[in-house]
Amino acid sequence: MLKIIGNIICASWFGLSAILVVTNDAIANEREQRSVSQNRAVDLSHSLKAVAPLDNITPVFQLRNISVNDWQWQALKSLSQRYKVTLDFDGDRNLTRYEFAEQLNNILNQLNRLITIDISREELTILQRLQTEFAPELANLQKQRVEKLEQQVSQLEQQQFTTTTTLTGQALIAISSATGEEKADGSGEEVDENIILSDRVRLTLNTSFTGEDRLRVRLQANNFRGFAEATGTAMGRLGFEGDSENEFELTRVEYRFPVGDKATVYAGIVGSGLDDFSDTANALLDSSSQGAISRFGRRNPIYRQGSGTGVGLEYDLSEDISLQIGYVADEANEPESGIGGGAYGAIAQLYFEYSDRFELSLNYIRSYNNIDTGTGSQLANDPFDKLSDRISANSYGLSTSWRVSDNLNLSGWIGLTDATASDLPSNPNAEIFNYAIAFSFPDLGKEGSLAGIVIGQPPKVTSNDLGADFQDRDTSLHLEMFYRFPISDNISATPGLLVITNPDHDNNNNTLYVGTIRTVFEF
């Protein structure tokens, strides 16, 4: 008995059923080749093809039920025992041809799964003969399995909750810590330097009714209170802060749809911000889960002067230039304030995108009681030190991004805010200024990775009509470094370090350090 040692290359039973007639000389040559190297890989289907057909095969129409005494059953039983295939039959009755084909198909599938087998020429002959005799039943068996699969797919399509909605999820887990000496709030207390473990989970439903529109609904749960209280300043805040005590909340409901060929309308009921209908020209760093680690490093802080319920419009003036306008109200659902009676923010912006490598935005923002961006000094977030309840502001910004090469991107911004306290005598003004420049390195070391360096000045009160006591006397520098690397297609980790010199624009405060390892799971 000549043994063939081979590798089974996932042949289907169709490949097994093919019969190739070869001459006796070809069989002799094959034997000689196997004697040279017993470890040569030979596909099982090729082995079956190499067996000469038998001349005296019983015609299919002459066969009916298969008795346990027939050679077919005895051969099948012998093969099942040799290759450890459990037969769904205990031999207590005759088998129909279809039942016998099912058992034969199980054995063929088992042989296909084996990486290496030792199979005799006699066994190959038996398999070839059985396949030939039961070819119609085997073909019908495969057809029924395909039909059953199609039926299951159709059933799943009918049972899914909608054909227009996709569900995506994201889980962010971060290990973070802040370190320094005294807090920057003048309390004399030490910085809370404990290492903390926090999380944020988002479930987002995206629905399209026409293929061009989008309805987005997002649920979020998180438990990161942030470092503002622990450090005494908002300058050390990370970009993914937020605390719902890990209870899911509805944090976004928005709808975008086109109007004609040039306009897109945005309507947001929950969780809208001015950046939702205006490009910040800082796409690589803007994401809280994939971009910069700090709140300040994500975008120009003047974009944060407004959140809540909003409506916006983007209109393409040309192929490269678009006009973006929008309005958000903090308490649009409150009867005493409504859409226009409470805090609000409005933006008008020209956005230039000359190619996929250069973009520029020029913006004007008008806000009311929304001066607090949560990024600068205490005075920058309230330049009149709680003396005014009616602060209106005009803000002017420029943001740009330039893709120098495939692995280097330069971006940055400047922002100027002119705030007025309309309920104080003489309507005093205060000016607030910030800037930043960022270096980004996409695909550094690994495809899909991103390294980033951000250098800038958080919002600072540079002048105030109320006097020198109401303006920042020194200058803080924001220094940020991070490296995001993909662990897999759905997991990424981002270690990062944030350094703040002269926290709260006061050189009496010691340098503040904030570190984090942000890990994101997407599904």
Side-chain angles (χ1 to χ4, degrees), residues 182-189 225-238 241-243 273-274 294-296 298-308 328-331 337 341-347 365-397 415-436 456-476 478 500 502-509 512:
E182 293 183 355
K183 295 182 179 181
D185 57 5
S187 64
E189 298 178 358
R225 297 182 179 179
F227 289 120
E229 183 177 348
T231 61
T233 177
M235 293 185 180
R237 294 185 65 180
L238 296 179
E241 291 184 8
D243 184 21
L274 295 179
S294 72
R295 181 179 175 89
F296 173 73
R298 293 175 55 195
R299 67 178 78 103
N300 194 329
I302 66 174
Y303 284 104
R304 299 187 181 277
Q305 296 185 46
S307 63
V328 291
D330 285 4
E331 300 175 343
S337 57
Y344 68 82
I347 187 172
I365 295 174
R366 174 70 175 180
S367 64
Y368 178 74
N369 282 349
N370 258 322
I371 199 71
D372 188 353
T373 65
T375 59
S377 64
Q378 293 184 45
L379 282 176
N381 292 317
D382 184 7
F384 306 107
D385 198 20
K386 300 181 181 180
L387 298 176
S388 174
D389 294 324
R390 298 178 60 185
I391 302 177
S392 58
N394 299 304
S395 297
Y396 312 89
L416 176 65
T417 298
D418 183 13
T420 301
S422 57
D423 58 346
L424 295 182
S426 302
N427 296 332
N429 292 340
E431 290 188 352
I432 306 166
F433 180 71
N434 84 93
Y435 71 87
Q457 174 196 284
K460 171 186 175 180
V461 178
T462 56
S463 67
N464 196 322
D465 290 344
L466 292 183
D469 291 340
F470 292 86
Q471 65 187 56
D472 294 313
R473 58 185 180 184
D474 300 309
T475 301
S476 300
H478 174 106
I500 305 296
N502 305 321
D504 227 54
H505 298 301
D506 187 348
N507 61 12
N508 291 324
N509 294 326
L512 175 66

Quick one: ring pair (Phe, Tyr, Trp, His ring centres under 6.0 Å) partners of H478, sequence neighbours excluded?
-> F296
Pair T233, D504: side-chain N/O donor-acceptor within cut-off below 3.5 Å = yes
Do any N or O atoms from the side chain of N507 and from the backbone of D474 form a donor-acceptor pair under 3.5 angstrom?
-> no
Are the side chain of S426 and the backbone of P428 linked by a donor-acceptor contact shorter than 3.5 Å?
-> no
F227: ring pair (Phe, Tyr, Trp, His ring centres under 6.0 Å) partners, not counting sequence neighbours | F224
Starting from the C-alpha separation in whole Å, work towards a yes-or-no answer on side-chain contact (heavy atoms from CB on, under 4.5 Å) for T231 and K183.
-> CA-CA 5 Å; T231 61; K183 295 182 179 181; 5.8 Å; no
Whether S377 side chain and A380 backbone form a donor-acceptor pair below 3.5 Å = yes
Any side-chain heavy-atom pair of Y303 and I347 under 4.5 Å = yes
Of all the heavy-atom pairs spanning Y344 and N370, show the shortest one and how long it is.
-> O-ND2, 3.2 Å
Which of T373, N381, I432 passes side-chain contact (heavy atoms from CB on, under 4.5 Å) with P301? It is T373
Apply side-chain contact (heavy atoms from CB on, under 4.5 Å) to the pair R473 and D506, showing each step before the final yes or no.
-> CA-CA 7 Å; R473 58 185 180 184; D506 187 348; 3.3 Å; yes
Under 3.5 Å donor-acceptor, N369 side chain and G342 backbone = no
Under 3.5 Å, is there a donor-acceptor pair between the T420 and N429 side chains?
-> yes
Roughly how far, to the nearest 0.5 Å, is CZ of F433 from CD of Q457?
-> 6.5 Å
Are D472 and K460 within salt-bridge range, i.e. N to O under 4.0 Å?
-> no
Under 3.5 Å, is there a donor-acceptor pair between the side chain of H505 and the main chain of V461?
-> no
Give the C-alpha distance, both sets of side-chain angles, the deciding distance and a yes or no for side-chain contact (heavy atoms from CB on, under 4.5 Å) between I302 and T417.
-> CA-CA 8 Å; I302 66 174; T417 298; 3.8 Å; yes
Taking every non-hydrogen atom, the tightest pair across S476 and P458 | O-CD, 3.8 Å
Would you say the side-chain atoms of Q305 and S395 include a donor-acceptor pair closer than 3.5 Å?
-> yes
Check: Y368 main-chain N/O paired with S392 side-chain donor or acceptor under 3.5 Å = no
Can you check whether A468's main-chain N or O pairs, donor with acceptor, with Q471's side chain at less than 3.5 Å?
-> no
Under 3.5 Å donor-acceptor, D330 side chain and S307 backbone | yes
Do R366 and N394 meet the criterion of a side-chain donor-acceptor pair at a distance under 3.5 Å?
-> yes
Kindly indicate, with the supporting measurements, whether the criterion side-chain contact (heavy atoms from CB on, under 4.5 Å) is fulfilled by L387 and F470.
-> CA-CA 11 Å; L387 298 176; F470 292 86; 4.1 Å; yes
Measuring from R298:CZ to T375:OG1, what's the distance to the nearest 0.5 Å?
-> 11.5 Å
Verify, without hydrogens or angle tests, whether D423 (side chain) and S388 (backbone) share a donor-acceptor contact under 3.5 angstrom.
-> no
